[in-house]
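Worksheet: one structure, shown below.
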Amino acid sequence: MADAATGTRGASRSGKESTTVSKRGGEFRVVTSKSVLQIINELQRGLPYQRLSKFEKESGLSLETIGQVIRVPKRTLARRKAAGRLPPDESERVHRLSELFAKAVHLFGGDAGRARRWLQTPQRALGRATPLEMASTEVGAREVENLIGRIEHGVFS
C-alpha cells in the first residue's frame with residue numbers, strides 16, 4: 001500500500017499504514033485502517049458506498065468515469081448506493097483507483113487537478129492509452145504505477 005503523501009509503501013503485513021479517501025494536506029486515501037491486515041478485512045467486508053461518494057467529490061473524477069475504471073455500470077452503482085455498501089471485488093477496485101490517484105497527486109506535488117488531467121490524457125508510454133483506461137485492470141494499474149515511478153526518477157524510456 002502506498003502512502004499517499006510520500007508515495008512510499010509499508011514494509012510488513014502488520015506495519016502501521018493508512019489509506020483513506022479523505023483529503024487532508026493533499027492526501028487522497030481510501031481506507032481508514034492502520035494495518036494491511038485491517039485494510040484487507042475492510043475490503044473483504046466491502047467498503048461503504050459513502051467512501052466511493054467521498055472519493056468522487058475529492059478526486060474530481062465523475063461517478064461515470066470511476067464506474068468505467070472499476071468496471072461497474074451506472075445502474076449497478078445506483079443499486080450499490082441504495083444498498084449502502086460495495087461488494088469486496090468492487091471495493092478492491094475502488095481502493096486500487098484511489099491508490100493510483102494518490103500516487104498521481106504526489107507526482108504533481110499535491111495538485112489534484114493536474115493529476116486528474118494527466119490520468120485522463122493519452123500517454124505515449126502506455127501505447128497512447130490514458131492511465132485511467134489502463135487502471136481498469138490490475139496489470140494495467142501496475143504499469144501506470146511503474147510509469148509514475150519512472151517519471152519521478154527521470155527515466156522516460
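Residues meeting the side-chain contact (heavy atoms from CB on, under 4.5 Å) test with P73, sequence neighbours left out: T76. Listed by chain and number, the residues in a side-chain contact (heavy atoms from CB on, under 4.5 Å) with E138 are R96, R142 (sequence neighbours excluded). Qualifying salt bridge (charged side-chain N to carboxylate O under 4.0 Å, His left out) partners for R85, counting only residues two or more places apart in sequence or in other chains: none. Under the side-chain contact (heavy atoms from CB on, under 4.5 Å) criterion, T121 pairs with Q123, not counting sequence neighbours. Scanning for side chain to side chain donor-acceptor pair (under 3.5 Å) contacts around E90 gives R80, with sequence neighbours left out. The salt bridge (charged side-chain N to carboxylate O under 4.0 Å, His left out) search around E133 returns none, not counting sequence neighbours.
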What donor-acceptor contacts under 3.5 angstrom involve side-chain atoms of residues 60-70, with partners at least two apart or in another chain?
| unit_1 | atom_1 | unit_2 | atom_2 | d |
| --- | --- | --- | --- | --- |
| S62 | OG | T65 | N | 3.0 |
| S62 | OG | T65 | OG1 | 2.8 |

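For the pair Q120/L132, a side-chain contact is recorded, criterion being any heavy-atom separation below 4.5 Å from C-beta on. L147 is not listed as a side-chain neighbour of M134, based on a closest heavy-atom distance of 4.5 Å or more. Using a 4.5 Å heavy-atom threshold, the side chains of L52 and L47 count as separate.
Aromatic ring pairs are classed by plane angle as parallel below 30°, tilted from 30° to 60° and perpendicular above 60°; the pair F101 and F55 is perpendicular.
Sorted by first and then second residue, the salt bridge (charged side-chain N to carboxylate O under 4.0 Å, His left out) pairs involving residues 104-129 (not counting sequence neighbours) form an empty list.
When all heavy atoms of L119 and P131 are compared, the closest pair comes out as O-CD, 3.2 Å.
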